[in-house]
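Letters go in sequence order (proteins before strands), and every chain restarts at 1.
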2 protein chains.
Amino acid sequence: MDKEQLKENFAKALKQEKLKRTPQRFAILEELVSSDEHRECTDIYFALRNQGISVSRATVYRTMDMLVKYDFARRLDIGDGIARYESKVGVSHHDHLICLECGKIIEFLNRDIEVLQQSICNDFDFDMTRHTHQIFGVCPDCKSK
Amino acid sequence: MDKEQLKENFAKALKQEKLKRTPQRFAILEELVSSDEHRECTDIYFALRNQGISVSRATVYRTMDMLVKYDFARRLDIGDGIARYESKVGVSHHDHLICLECGKIIEFLNRDIEVLQQSICNDFDFDMTRHTHQIFGVCPDCKSK
DNA sequence: TATATTTATGAGACTCAATCTCACAATAAA
DNA sequence: TTTATTGTGAGATTGAGTCTCATAAATATA
């Protein structure tokens, strides 16, 4: 999806929710989508500030919530008390290997696990909304150090 | 494992780490092990206080870290900023279904997923230390409301 | 047992991510 | 435009978790 198409889709989502089109909201979306990193709100906040874009922390937090709700972003909690967000735009589903030494996050996807996961939900008569599957350990780089 | 055996094992772990045997540490372990709930530190703190046991929040937090390290407890982060702990004593490994409506936590175990998970780690040359697999959604009780 | 040494405890201060407040600004509708 | 509505931002607030350090308790030593 190109940038203009993305902005259009975002505008549609805003309209649908009766939210106004503000420069801050577009800037936050663009900043998130511009990298495939797992970004903290503070990180996004400073990145925009450094670009001379006027934005507050509150607006970043509020907008991230909205981006998650409308599926432009995914929130990642790795248990250190800091929420991270990754773009879902043009990105297929995956889960995460997290290195306890260096903090690196590696993405993985396993179709069989996804299928088994759904069958567990069926067994429990549980309606899955989302899931997190995180494997913590030591990455190859850190092992060889 | 009976209570006396547990206390003995705990005492051994303390000795091994040159930590002192204090009434607070034993009380926190016993309180955690006494239920199969997923407990918050504040919850443990008040439970002990209500039993007339002298303990501080700091001691609860410090002791929980130790219990996790020595495998008496498992920490659960469900992304709401509150750490929860469950007893690992006499409890086999499992993962969690978490209801977004009522907060209920249902345990599940799937051997096939565990095996696939290990094979993913092998593929990535990644040494797994621990993992979390959480499925968020709506439980049967909440669906029928 | 008495004393010395080491470690633990606890009240409250502190940290920091996240949320809230509310006056003012910007956007969209009339 | 004008009006009505919604958004923004600086800073205050919240709350889980951590830190401090004087005191207390547990263990080692005599």
For Leu14(A) and Arg21(A), the nearest pair of non-hydrogen atoms, with its separation, is CD1-CA, 4.1 Å

Please confirm whether the shortest side-chain N or O distance from Tyr61(A) to OP1 or OP2 of dT19(C) is below 4.0 Å. no

By salt bridge (charged side-chain N to carboxylate O under 4.0 Å, His left out), which residues pair with Arg75(A), not counting sequence neighbours? Asp77(A)

All salt bridge (charged side-chain N to carboxylate O under 4.0 Å, His left out) counterparts of Glu114(A), not counting sequence neighbours: none

Starting at CG of Leu48(A) and ending at C1' of dG9(D), how long is that distance when rounded to a whole Å? 14 Å

Whole-Å gap separating P (dA16(D)) and CD1 (Ile44(B)): 15 Å

With rounding to the nearest 0.5 Å, note down the distance linking CD in Glu8(B) to CG in Asp2(B). 9.0 Å

When Ile, Leu, Val, Met, Phe, Trp and Tyr are grouped by side-chain heavy atoms lying under 4.5 Å apart, directly or through other members, which residues fall in the same group as Tyr61(A)? none

Where along residues 17-42 of chain B does a heavy atom come under 4.0 Å from DNA chain C, residue by residue in number order? Leu19(B), Lys20(B), Thr22(B), Gln24(B), Arg25(B)

Any chance you could pull the hydrophobic cluster mates of Val91(B), using side-chain heavy atoms under 4.5 angstrom and chaining through other members? none

Decide yes or no for Met64(A) and Leu67(A): does some side-chain heavy atom of the first lie under 4.5 Å from some side-chain heavy atom of the second? yes

Pairwise ring-ring contact (aromatic ring centres under 6.0 Å, His included) hits with a residue in residues 114-145 of chain B, at least two apart: His133(A)-His133(B), His93(B)-His131(B), Phe108(B)-His133(B)

May I have the distance from Ile53(A) (atom CD1) to dG9(D) (atom C1'), rounded to whole angstrom? 16 Å

Please list each protein N or O that sits under 3.5 Å from an N or O in nucleotides 11-16 of chain C, with the distance.
{"residue": "dA11(C)", "atom": "OP2", "partner": "Arg49(B)", "partner atom": "NH2", "Å": "3.0"}

I need the residues from residues 69-85 of chain B with at least one non-hydrogen atom less than 4.0 Å from DNA chain D; give them sorted by number, or say none. Gly81(B), Ile82(B), Ala83(B)

Taking atom NZ of Lys104(B) as the centre, does the number of heavy atoms from other residues, nucleotides or ligands within less than 6.0 Å exceed 12? yes

Work out how much the helix from dT1(C)-dA30(D) to dA30(C)-dT1(D) bends between its end axes, five pairs an end, to the nearest 10 degrees. 30°

Can we say Glu30(A) and Lys7(A) salt-bridge, meaning some charged N sits less than 4.0 Å from an Asp/Glu carboxylate O? yes

For Arg25(B), give me all partners under salt bridge (charged side-chain N to carboxylate O under 4.0 Å, His left out), at least two apart in sequence or on another chain. none

Sequence neighbours left out, what pairs pass ring-ring contact (aromatic ring centres under 6.0 Å, His included) with at least one residue falling in residues 10-40 of chain A? Phe10(A)-Phe26(A), Phe10(A)-Phe72(A), His38(A)-His96(A)

Connecting only ILVMFWY residues whose side-chain heavy atoms lie within less than 4.5 Å of each other, what is the rest of Leu109(B)'s hydrophobic cluster? none

